[in-house]
Engineer: 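My questions all concern the structure below.
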Amino acid sequence: MEIQFLGTGAGQPSKGRNVSSLVLKLLDEINEVWMFDCGEGTQQQILETTIRPRKIKKIFITHLHGDHVLGLPGFLSSRAFQASEEQTDIDLYGPVGIKQLVLTSLRVTGTRLPYRIHFHEFDENTLGLILETDKFTVHAEALDHTVFCVGYRVTQKDLEGTLDAEGLLAAGVPFGPLFGQVKNGQDILLPDGRQIIAKNYISEPRKGKVVTILGDTRLTDASIRLGLGADVLVHESTYGKGDEAIAKKHGHSTNMQAASVAKQAFAKRLLLNHVSARFLARDVRQLEKDAQSLFPETHVVRDLEEVEVL
Ligand code: ZN
């Protein structure tokens, strides 16, 4: 499981940072890629990566500001140019209005898609568990921005212990139904009188990962709830230390506020994105350093950077 950042800038594209988009790569887990926000130019950013558009099966939008959604019509249209056997449906989750934006863009531009978009819109009253599959759940909760904006908490369900098949073979257990019995936790007796204790051949169940991806927000308790115990918390950092008043005014956060959220949520790592173009490379290092004084496992990400969820 990896997160790759396609755009890490705030508001408008700059030479170093495109506008908001990231993908959660779940290729090993379910052979899918999930996109979060799709600012203008996202499809060009994808060209710089190994991501295949047809693998993007779900898109989650945090809010309807242009720097988070205006890449959608282009991306969805270009995705139609793949070979016909490669066309796969898309599920699109986002605030009420996202359907109108997409359908209007497609209609006005005379675009017909060879695949289907399944819209899942929500508002303040229909948030919570927005998706559950056999391997993942996704929760959304409202944040505190200048428009309705949400954060997403992606939880991987715990993974069953795996069977040590080689160990069983080495112990002289013939391949076949006995393997199934051990997998189900039953001890077995071999013809030669030896007993095979099942739990010695099944690894411990593994805890699923939690990834929290927040949209634009002021400092709010909702961020802490969404990020509780997260393996990775992605938080905006439009402003730097000392800018708390102006951040609040514009509905955003500082690096220090993001760090305090990560700390209070007992998150394992904090990745800062949505960085203003006025921060030069030197300032970005300072942004990171200042946040680390509060939450050491902080990193300011850059465009196209890929981070493994450990
Ligand atoms: Zn915004």
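Every number for a ligand or one of its atoms is a count from 1 in the order of the listing. In this text the structure is predicted, and so the values were computed from the model without any measurement.
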Engineer: Taking backbone and side chain together, does Cys149 place any N/O/S atom at a distance below 2.8 Å from the Zn ion (ligand 1)?
Structural biologist: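 Checking Cys149: none of its N, O or S atoms is under 2.8 Å.
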Engineer: Backbone N or O of Lys207 within a donor-acceptor pair of the Asp158 side chain at under 3.5 Å?
Structural biologist: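 No: the side chain of Asp158 does not pair with the backbone of Lys207.
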Engineer: Using a cut-off of strictly less than 2.8 Å, determine whether His65 has an N/O/S atom near the Zn ion (ligand 1).
Structural biologist: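 It does: His65 brings an N, O or S atom closer than 2.8 Å to the Zn ion (ligand 1).
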Engineer: Where does the angle between the aromatic ring planes of His63 and His68 fall among parallel (under 30°), tilted (30 to 60°) and perpendicular (over 60°)?
Structural biologist: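 Rings of His63 and His68: tilted, as their planes differ by 30° to 60°.
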Engineer: Should the pair Tyr239 and His250 be assigned to parallel (<30°), tilted (30 to 60°) or perpendicular (>60°) ring geometry?
Structural biologist: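 Because their plane-to-plane angle is under 30°, the rings of Tyr239 and His250 count as parallel.
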Engineer: Under a plain distance cut-off of 3.5 Å, with no hydrogens placed, do Asp303 and Gln45 share a side-chain donor-acceptor pair?
Structural biologist: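 Distance-only check passes for Gln45 and Asp303.
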Engineer: I'd like to know: is the Zn ion (ligand 1) within the 2.8 Å range of an N/O/S atom from His63, strictly under that distance?
Structural biologist: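 Under 2.8 Å: His63 contacts the Zn ion (ligand 1) through an N, O or S atom.
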Engineer: Quick check: of its N, O or S atoms, which one does Asp216 have closest to the Zn ion (ligand 1)?
Structural biologist: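 The atom in question is OD2.
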